[in-house]
Visitor: 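Following this message is one structure expressed as C-alpha cells.
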There are 2 protein chains.
Amino acid sequence: MTDQHSSEQLSRVFAALADPTRRDMVARLTVGDATVGELAAPYDVSVQAVSKHLKVLEEAGLVSRGRDAQRRPVHLEAEVFDLMTKWIERYRRQAEQRYQRLDAVLAALQYAENPETAPSTPQEGTAS
Amino acid sequence: MTDQHSSEQLSRVFAALADPTRRDMVARLTVGDATVGELAAPYDVSVQAVSKHLKVLEEAGLVSRGRDAQRRPVHLEAEVFDLMTKWIERYRRQAEQRYQRLDAVLAALQYAENPETAPSTPQEGTAS
DNA sequence: CGCTTCCTCAACCGTTTGGTTGAGGAAGAC
DNA sequence: GTCTTCCTCAACCAAACGGTTGAGGAAGCG
C-alpha cells in the first residue's frame, strides 16, 4: 500500500499506454479476450514484438493471461484504469478549483476598480 | 482534427506523465504557476534537466509558459487532461459493459441450471 | 514417436530518453 | 557600460525502448 508502489505502478501504466500499438491492443481487448496471434494479426510486426508489448501491458497490470492449450488468451483488466482516473481527476479538480479562485479574485478586483460593474458569476474555464 | 494528431497527442501526454518527476511537477503546478527555478528546487537534478522535463510537458500540451523578465512562469493547462479522460472512459466503459454482459450470461446459465435460484441483479466490478 | 502450432526467451541493433556539463542569450541591478 | 540572475541550447553519455532474428518449450495431431 506504499505510495512508492502506487507511483511505480502509475509510471508503468502511463508508459504502457504511451505506445499507440499498445493502446490499440487495449481497444481491441475491450471487445473480448484474444490470443497473441489474433492480437498480432492486424499489425505489421513480428509475433515476438507483440509478445513484448503484452509483457509491458501485463507488468502494468492492464492485462492478464490465461492458458488454453498452446494458446495464451489475453484478458483486459479494467481496474487499473481507476488508478489513472483517480490520479487525473485529483489534479484536474484542483486545477479547476484554482481557476475558480482566480476568477473570484479577478472579479473582486474588477469590482474594487469599478463598483458599478456587477461582478456576477465568474465564467468557467474559457481560457484560450 | 485528424485522428492521427489526436493519437500522437495522446502518446505525448501519456509519455510525459510516465515520468514520476514530471507527474510531481504537474501536481506542484495545480497549486499555482511557478518559475523553472522554483520547480527545480525540490529535485536533486540540474536546472537544465528540469528545463527538459518542462519542454516535454509543454509539447504534450500539459503546460504553457509565459514571460516575466528573465523568468518563464509555467502554467498548467487542464484541458489536455480531458483528452486522456475521454480515452480512458471510453474503454473503461466498454470493458464494464462487457463484464455486465458476461455477468448476464452467467446469470442466465445459472438460472437455466437452477431455476429456483433467483438470478437477481449482477454485481458491479467487484472482481478480485 | 515425429510434426506442426502457439508462444516466449535471448541476443543483437538503431533510436529515444533522462541525465550531465559547458556555453550563451535575455533582462533587471549596479 | 559591467555584473548577476534566470533560463535555454548543444554535445555528450549510459540506459531503456521497440524492433529484429534464431532457438526452443509446451501442447495438440498424425
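Convention: sequence-line order gives letters A, B, ...; per-chain numbering from 1.
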Visitor: Can you tell me how far C1' of dG18(C) sits from CG of L54(B), to the nearest Å?
Guide: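 Nearest whole value for this atom pair: 14 Å.
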
Visitor: Between K86(B) and E89(B), is any pair of side-chain heavy atoms under 4.5 Å apart?
Guide: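 Heavy-atom side-chain distance check fails, nothing below 4.5 Å.
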
Visitor: Would V56(B) end up clustered with V13(A) when hydrophobic side chains under 4.5 Å apart are linked, directly or stepwise?
Guide: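 The answer is no; the residues belong to distinct hydrophobic clusters.
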
Visitor: Taking salt bridge (Lys or Arg N to Asp or Glu O under 4.0 Å) as the cut-off, I'd like each qualifying pair that reaches into residues 49-62 of chain B, sequence neighbours left out, listed once.
Guide: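 Pairs touching residues 49-62 of chain B that pass the test: E58(B)-R65(B).
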
Visitor: Is the side chain of R23(B) donor-acceptor paired with the backbone N or O of L17(B) at a distance under 3.5 Å, no angle test?
Guide: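 Checked: pair present.
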
Visitor: Please state how far atom CZ in R71(B) lies from atom P in dG28(C), giving the value in whole angstrom units.
Guide: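 After rounding, the gap between these two atoms is 9 Å.
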
Visitor: Looking at every strand, decide which applies to A49(A) at a 4.0 Å heavy-atom threshold: base, sugar-phosphate, or nothing.
Guide: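 Answer is base: heavy atoms of A49(A) come under 4.0 Å of a base.
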
Visitor: Where each residue is assigned the nucleotide of DNA chain D containing its nearest heavy atom, which of R67(A) and K52(A) is assigned the position nearer the 5′ end?
Guide: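 Going by which nucleotide is closer to the 5' end, it is K52(A).
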
Visitor: Using a heavy-atom cut-off of 4.0 Å to chain A, what are the terminal contacting nucleotides of DNA chain D, in 5' to 3' order?
Guide: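 Endpoints of the contacted stretch of DNA chain D: dG18(D) to dG28(D).
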
Visitor: For the residue pair V74(A) and L29(A), establish whether any side-chain heavy-atom pair is separated by less than 4.5 Å.
Guide: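 Contact flag for V74(A)/L29(A) side chains = yes.
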
Visitor: Give me the ring orientation class for F81(A) and W87(B): parallel if the planes are under 30° apart, tilted from 30 to 60°, perpendicular past 60°.
Guide: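 Parallel: the ring planes of F81(A) and W87(B) meet at under 30°.
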
Visitor: With nearest nucleotides of DNA chain D determined for R65(B) and Q48(A) from heavy-atom distances, which residue corresponds to the more 5′ nucleotide?
Guide: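 By nearest-heavy-atom nucleotide position, the 5'-most residue is R65(B).
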
Visitor: Rounded to whole angstrom units, what separation is found between the CZ atom of R12(B) and the P atom of dT16(C)?
Guide: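 Atom-to-atom, R12(B) to dT16(C), this comes out as 14 Å.
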
Visitor: Expressed as a whole number of angstroms, how long is the span from F14(A):CZ to dT17(C):P?
Guide: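 Rounded to the whole Å, the gap is 17 Å.
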
